[in-house]
Amino acid sequence: MTTSETETAPTNGQADDAAAAPPPPAAIVQKKQSPWRAPLAFLAMGLLLAAVGAFQSWSVALAILNMSLISALMAMGLNLQWGYAGLFNAGVMAFTALGGLAAVVVSHPPVWEALAAGGRSMTLSGVILVAMIATIAFAASVLKGRLRQFAILAIVVVGYALLRPVFADAVTAIEAVDPARTGFIGGLGLPIVVAWLVGGLFAAAVAWLIGKVALGLRSDYLAIATLGISEIVIAVLKNEDWLARGVKNVTGLPRPVPYEIDLQQAPWFVDLVQRVYAGALDAAPDAAAREALLRQLLIDNASNFVKLAYAGLFTVVLLIILALCVRALNSPWGRMMRAIRDNEEAAAAMGKDIKARHLQVFVLGSAIIGIAGAMMTTLDGQFTPGTYNPLRFTFLIWVMVIVGGSGNNLGAVLGGFLIWFIWVEAEPAGHWIVQLLSANMDPQSELYRHLQDIAAPFRLFVMGLVLLIVMRFSPRGILPEKIRHS
Amino acid sequence: MPDATDILNALVLMTNYVFVPALSYGSQLALGALGVTLVFGILRFANFAHGDLMAFGTTITILFTWLLQANGITLGIFPTGLLAMVPAVIITAIVAIGIDKAVFAFYRKRRAAPVVLVIASVGVMFMLSAVVRFIMGTEDRRFTDGERFLVRALDFKKWSGLDEGLAIQTTQAITVVVAIVVVAALFIFLNRTRTGKAMRAYSDNEDLALLSGINPDRIVMVTWILAAALATIAGALYGLDKSFKPFTYLQLLLPIFASAIVGGIGQPVGAVVGGYVIAFSEVMLTYAYKKFATYLLPDHMAPDGLLQFLSTDYKFAVSFIILVLVLLIRPTGIFRGKVL
């Protein structure tokens with residue numbers, strides 16, 4: 001494939017795709033970074049969450065914590081691609097969605113009727129597709145020039161003509177099976193935690209395909225290509241009902257943690273709540289009030305317990321992957337990746353296979369994003385392909401990586417926490433500001449009613465402002481990349 | 001053997017459902033792609049905020065349309081939006097220059113890598129999209145007035161005696177006419193005026209252009225004015241034709257990028273041709289040719305299925321697929337644009 005690496009103007013003095021500012025040449029000593037910076041930043045983040053818990057509610061704080069953990073993982077995956085290798089992946093949305101798809105494909109019980117109706121035709125279409133690809137690969141390697149182009153075109157046309165009726169048959173048969181409740185092939189019925197790994201595999205597979213075709217492109221072309229491909233992936237997920245119900249959504253996915261309703265009735269949990277809140281319960285005026293209070297406490301605490309359980313699971317996954325990433329960063333492999341990022345031509349001259357390395361990093365980063373996507377779908381308990389939009393799932397993660405610190409794993413995690421916090425809390429903050437401003441306004445006036453809709457625009461505005469301010473005044477982020485000079 | 005009436009019916013069917021909509025959509029894409037390609041060629045980065053700049057321009061157009069309508073000023077059979085576009089262009093241009101001074105100029109002076117400018121444009125995209133949503137809310141807004149149809153399907157059927165009707169909406173006709181006028185004006189500007197030639201020189205080879213004494217600040221300012229004008233006109237025409245919803249413009253961004261890249265980035269002719277290529281591909285690949293085939297084939301060969309290449313759900317996906325294919329097979333595009 002043709003690459004677009006040729007620069008017409010002499011710009012090799014500037015870093016091509018390094019962190020937001022060109023990295024300092026080795027001769028200039030980088031200002032020593034305080035080792036307290038990272039712990040302090042995380043402490044501040046913890047205090048913010050605790051404040052939300054104290055002033056709003058612990059339920060909200062825990063919900064923010066859970067999504068922050070997931071976003072932190074996504075940011076780490078993207079940081080691997082951008083911070084280590086300088087690859088501008090604007091297709092994060094697709095890998096997240098593929099992780100969600102894995103959750104459905106792994107954990108949903110199989111829909112035997114649909115499989116019986118359309119399974120054979122679907123397998124046949126799969127076989128035809130694989131045969132087509134294999135023949136194209138063969139033709140591409142054996143033939144040359146015009147004959148090769150013609151052969152590939154012919155194979156595509158013939159393959160399509162064969163594939164289309166078989167596939168259409170399979171799809172109609174599968175989607176006709178109880179379309180209101182299923183209408184798709186279902187999954188494997190395995191525990192949903194397995195889906196987290198499978199999500200990573202799905203994302204890695206698609207990333208490999210995308211990387212093979214698109215990684216030769218220059219940064220902004222790569223961004224546009226990955227953005228386009230991610231839209232294609234989402235379009236497929238939304239429209240192929242036989243796969244995962246499309247926009248009809250798959251709900252009721254199994255959970256790795258207990259259900260709130262089961263907890264509220266479990267004797268050990270009731271005991272625990274009674275012991276912890278003994279003081280408040282004893283202070284109740286009579287038996288009926290005590291009963292009502294206990295019921296309310298059970299409901300609140302069951303929901304918080306479930307959220308905590310998820311948080312525990314997510315933290316374990318995050319810590320494992322963080323440990324792996326940190327080890328990778330400080331290994332010869334990590335140093336080589338950064339050397340390639342900082343001076344690609346020299347690295348190529350040294351004999352490093354740039355394309356292969358970039359592909360490796362792209363696949364690894366996307367796998368991490370896929371795992372996070374599967375975790376997110378597990379948390380939601382449902383797969384809703386219609387909700388995947390580039391603003392929330394791609395560009396927001398980008399803000400996380402840039403603000404947190406590109407090239408720094410802890411930076412990506414911090415960025416995930418901070419930006420998600422701002423994204424969620426911007427809504428009540430916006431309302432609060434509007435209340436302040438409109439305190440003396442006539443509630444019937446057009447302006448007053450208009451201002452009430454401030455929530456959604458406000459969080460977008462704040463996000464853009466944060467990104468621009470950080471890019472301008474602190475382009476390396478809050479926890480910049482540590483550049484070690486021996 | 002199909003007779004003359006069948007052939008005419010088939011032709012009218014094609015014109016009504018494929019040619020006219022594709023021409024109109026293609027003009028909108030062409031105008032959008034021209035804005036993107038100018039910024040890409042002269043400022044050398046992919047402006048991800050262009051879609052929301054179009055939304056902003058359309059928002060201002062809608063506000064002025066309401067203002068004009070409230071004061072009883074209309075354009076008869078033409079939509080008032082046409083008139084409202086004029087002040088909207090001026091305001092959007094001022095905003096675009098302001099954004100450049102506040103955000104992009106900093107990185108340009110430091111000769112930052114293009115990817116830095118793209119990230120900055122993502123930040124601008126967030127903020128512009130917030131402003132648009134704040135002003136307009138998130139629901140559908142229709143601001144078309146005036147005569148809806150230039151040619152009514154029923155009238156056409158009566159006039160021609162055919163089974164198939166041809167309906168041409170005023171907005172569609174206006175889109176094509178305005179697009180032709182704007183493109184012609186832009187090309188005259190780029191080819192015949194000093195500033196235009198300076199812009200082309202700057203786009204071709206920045207250092208030599210600067211050596212010739214061209215003022216880069218002026219070039220940048222004119223580029224943003226033109227980009228804002230093109231964005232406003234494209235967005236307003238799209239909004240007049242369909243309706244205004246803030247998030248449609250982020251969706252339009254990809255077909256616009258596709259058009260600019262397919263035609264050859266940095267080549268204005270390419271942007272225009274690319275726009276029509278993408279529009280026609282989108283419409284033709286998702287159109288159900290069943291009726292068309294029924295007219296032209298003898299009765300016993302009439303098709304059963306819809307004869308639709310791709311389902312209409314994949315309409316947007318078509319432009320992305322073409323974009324990805326072009327980026328892989330021929331990244332310089334049809335007119336061999338610059339590979340920056």
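A note on names: the letters A, B, ... follow the listed sequences, proteins ahead of strands, and every chain is numbered from 1.
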Region of B/A258 in contact with chain A, defined by heavy-atom distances below 4.5 Å: neither
Pairwise distance OG(B/S129) to CE(A/M463) - rounded to 0.5 angstrom: 12.0 Å
Heavy-atom check, side chain of B/F126 versus side chain of A/F461, under 4.5 Å: no
Which portion of A/V236 sits near chain B, non-hydrogen atoms under 4.5 angstrom: both
Proximal component of A/R459, with respect to chain B [non-hydrogen, under 4.5 Å]: neither
Chain B contact via A/I469 - which portion, at a heavy-atom distance below 4.5 Å: neither
Per-residue contact mode, B/V132 against chain A (heavy atom under 4.5 angstrom): neither
Within-4.5 Å side-chain heavy-atom neighbours: B/I119 and A/W398: yes
Heavy-atom contact with chain A under 4.5 Å, split by part of B/F134: both
Heavy-atom check, side chain of B/M127 versus side chain of A/L465, under 4.5 Å: yes
Pairwise distance CZ(B/F40) to CD1(A/I224) - rounded to 0.5 angstrom: 5.0 Å
Minimum heavy-atom distance A/M471-B/V116, with the two atoms named: CE-O, 3.5 Å
Residue pair A/Y221 / B/L323, side-chain heavy-atom distance below 4.5 Å: no
Heavy-atom contacts under 4.5 Å, residues 46-57 of chain B to chain A: B/A46, B/F48
Closest non-hydrogen atom pair, A/L460 against B/A130: CB-CB, 3.8 Å
Residues which pass salt bridge (Lys or Arg N to Asp or Glu O under 4.0 Å) with B/E206, listed by chain and number, not counting sequence neighbours: B/R44, B/R111
Under 4.5 Å from a heavy atom of chain B, the part of A/F88 involved: side chain
CZ-CG distance between B/F320 and A/L227, expressed to the nearest 0.5 angstrom: 7.5 Å
Closest-packed option against chain B by number of heavy-atom pairs under 4.5 Å, given A/L467, A/N239, A/L222, A/N389: A/N239
Heavy-atom closest pair, residues A/R472 and B/Y107: N-OH, 3.4 Å
Closest non-hydrogen atom pair, B/A120 against A/L468: O-CD2, 3.5 Å
Region of A/Y160 that comes under 4.5 Å of a non-hydrogen atom in chain B: side chain
Which of B/I135, B/L253, B/L250 touches chain A most, by non-hydrogen pairs under 4.5 Å: B/I135
